[in-house]
**Q** 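Have a look at the structure that comes next, please.
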Amino acid sequence: LITTITMSSCRQNPLLSEFGGPFGTAPFDKIELADYKPAMVEGIKQHQAEVDAIINNPEAPTFENTIEAYEASGLLLNRVTSIFFNLLSADGDEAMMNLSQELMPMLTEHTNNLTLNEKLFERIKAVYEGKDSLDLNREQLTLLEDTYKSMVRNGANLQKYRQLTSKLDSLSLTFGQNQLKASNAFEMILTTEDELVGLPESVRESAKMLAEAKGKEGYLFNVSYPSF
């Protein structure tokens with residue numbers, strides 16, 4: 001269940017409301033940078049509560065109350081992080097990059113709290129070890145095996161792994177941002193007619209204007225404008 005939260009300014013955070021666009025499209029025109037962190041904090045809170053309910057279930061672990069329940073958890077968090085990080089990688093500016101550096105440790109810690117959770121792993125393991133006695137179809141069996149193997153590969157309850165993944169996520173994010181900054185800073189100057197052969201006149205004019213605006217001679221091209 002995605003909970004709608006009203007912010008102190010009486011403006012509703014669009015990330016915490018059901019999307020009303022076609023096919024559930026996000027209302028990108030209404031989302032502001034300040035919306036992401038509170039939405040992720042709420043997403044983490046909801047996801048942890050859903051997993052806690054699985055762990056604290058007094059009933060014996062079953063495919064339905066453990067595997068299916070775990071697969072269905074984290075809807076809000078997955079939705080918000082998908083929007084944020086897709087936009088960040090496609091067209092992230094300095095403000096989004098700075099925010100990502102703040103959010104990543106929080107998200108990594110939450111992920112580790114789940115994948116390295118001993119009680120959760122024991123329930124998943126119990127279902128997995130009894131899979132031969134369960135009447136599961138192919139899709140259910142695949143989900144069970146993928147969930148169990150993912151927990152094993154992530155090193156359930158290994159504290160050293162927790163520290164390494166946190167550091168790796170931070171370094172990977174920094175590398176990606178440096179790569180994006182380098183791409184955004186790229187510029188190419190063309191000065192001869194041979195170099196411009198085949199380019200439409202409109203592109204040439206735009207490149208000429210861009211060069212003049214930056215006090216350079218010739219035709220200036222960068223990663224975003226004017227486009228080949």
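We number each residue from 1, following the sequence as shown.
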**Q** Taking only residues two or more places apart in sequence, or in another chain, which ones meet Asn137 in a side-chain contact (heavy atoms from CB on, under 4.5 Å)?
**A** Glu139, Gln140

**Q** Looking at Leu16 and Ala39, what are the two nearest heavy atoms and their distance?
**A** CD2-CA, 3.9 Å

**Q** Heavy atoms only: give me the nearest Ser17-Gln12 pair and the separation to one decimal.
**A** OG-OE1, 3.9 Å

**Q** Would a distance-only check, ignoring hydrogens and angles, find a side-chain to backbone donor-acceptor pair under 3.5 Å from Thr66 to Phe63?
**A** no

**Q** Tell me the closest heavy-atom pair linking Ala60 and Asn65, and the distance in Å.
**A** O-ND2, 3.0 Å

**Q** Where is the tightest heavy-atom contact between Asn78 and Ser73, given as atom of each residue plus distance?
**A** ND2-O, 4.1 Å

**Q** For the residue pair Asn86 and Ser82, what are the closest heavy atoms and their distance?
**A** ND2-O, 2.8 Å

**Q** Looking at side-chain heavy atoms only, is the closest gap between Met40 and Phe84 below 4.5 Å?
**A** yes

**Q** Is there a side-chain contact between Lys131 and Glu145, using heavy atoms and a 4.5 Å cut-off?
**A** yes

**Q** Would you compute the distance between atom CG of Leu103 and atom CG of Leu173 and round it to the nearest 0.5 angstrom?
**A** 9.5 Å

**Q** Between Ser100 (side chain only) and Met97 (backbone N and O only), is there a donor and an acceptor less than 3.5 Å apart?
**A** yes

**Q** Are Tyr36 and Leu87 close enough that some pair of their side-chain heavy atoms sits under 4.5 Å apart?
**A** yes

**Q** When clusters are formed by joining ILVMFWY residues with side-chain heavy atoms under 4.5 Å apart, either directly or through shared neighbours, do Leu76 and Phe28 land in the same one?
**A** yes

**Q** Counting only heavy atoms not in Met209, do more than 12 sit closer than 6.0 Å to its CE atom?
**A** no

**Q** At what distance, to the nearest 0.5 angstrom, does OG1 of Thr81 lie from CG of Leu88?
**A** 12.0 Å

**Q** Can you find a heavy atom in the side chain of Glu109 that is under 4.5 Å from one in the side chain of Asn113?
**A** yes

**Q** How about CZ on Phe175, more than 12 heavy atoms from neighbouring residues, nucleotides or ligands closer than 6.0 Å, or not?
**A** no

**Q** Would you say Glu201 has more than 12 foreign heavy atoms packed within less than 6.0 Å of its CD?
**A** yes

**Q** Does some side-chain heavy atom of Tyr219 sit less than 4.5 Å from a side-chain heavy atom of Leu199?
**A** no

**Q** Got a donor-acceptor contact below 3.5 angstrom from the Asn57 side chain to the Ala53 backbone?
**A** no

**Q** Does the Asp35 side chain pair with the main chain of Glu32, one donor and one acceptor, at a distance under 3.5 Å?
**A** yes

**Q** Mind running side chain to side chain contact (heavy atoms under 4.5 Å, CB included) on Val41 and Met106 for me, showing each step along the way?
**A** CA-CA 9 Å; Val41 169; Met106 178 177 68; 4.0 Å; yes

**Q** If you measure from CG on Leu210 to NZ on Lys216, what distance do you get to the nearest 0.5 Å?
**A** 9.0 Å

**Q** Within the structure provided, determine whether Leu77 and Leu107 are in side-chain contact (heavy-atom separation under 4.5 Å).
**A** yes

**Q** If you define the side chain from C-beta out and look only at heavy atoms, does anything of Ile54 sit under 4.5 Å from Ile124?
**A** no

**Q** Can you tell me if Thr108 uses its side chain to pair, donor with acceptor, with the backbone of Pro105 under 3.5 Å?
**A** no

**Q** Side chains of Asp52 and Gln48: is there a donor and an acceptor less than 3.5 Å apart?
**A** yes

**Q** Might you work through the side chain to side chain contact (heavy atoms under 4.5 Å, CB included) test for Phe121 and Leu116, ending with a clear yes or no?
**A** CA-CA 8 Å; Phe121 178 67; Leu116 304 179; over 6 Å; no

**Q** Distance only, no hydrogens: is a donor on one side chain within 3.5 Å (strictly under) of an acceptor on the other, for Gln46 and Glu42?
**A** yes

**Q** Rounded to the nearest 0.5 Å, how far apart are NZ of Lys37 and CD of Glu102?
**A** 3.5 Å

**Q** Do Thr174 and Gln101 have a side chain donor and acceptor closer than 3.5 Å?
**A** yes

**Q** Which atoms form the tightest heavy-atom contact between Ala211 and Gly218, and what is the distance?
**A** CB-O, 3.3 Å

**Q** Hey, quick one: are Tyr128 and Val152 part of the same hydrophobic cluster, counting side-chain heavy atoms closer than 4.5 Å, chains of contacts allowed?
**A** yes

**Q** Give, for atom CG of Leu114 and atom CG of Leu120, the distance between the pair rounded to the nearest 0.5 Å.
**A** 7.0 Å

**Q** Within 45 degrees of the axis of the six-membered ring of Phe19 and under 6.0 Å from its centre: does Arg79 put its NZ or CZ there?
**A** yes

**Q** Does a side-chain heavy-atom distance below 4.5 Å link Thr62 with Leu134?
**A** no

**Q** Nearest 0.5 Å, what's the CE-CG distance between Met151 and Asn117?
**A** 6.5 Å

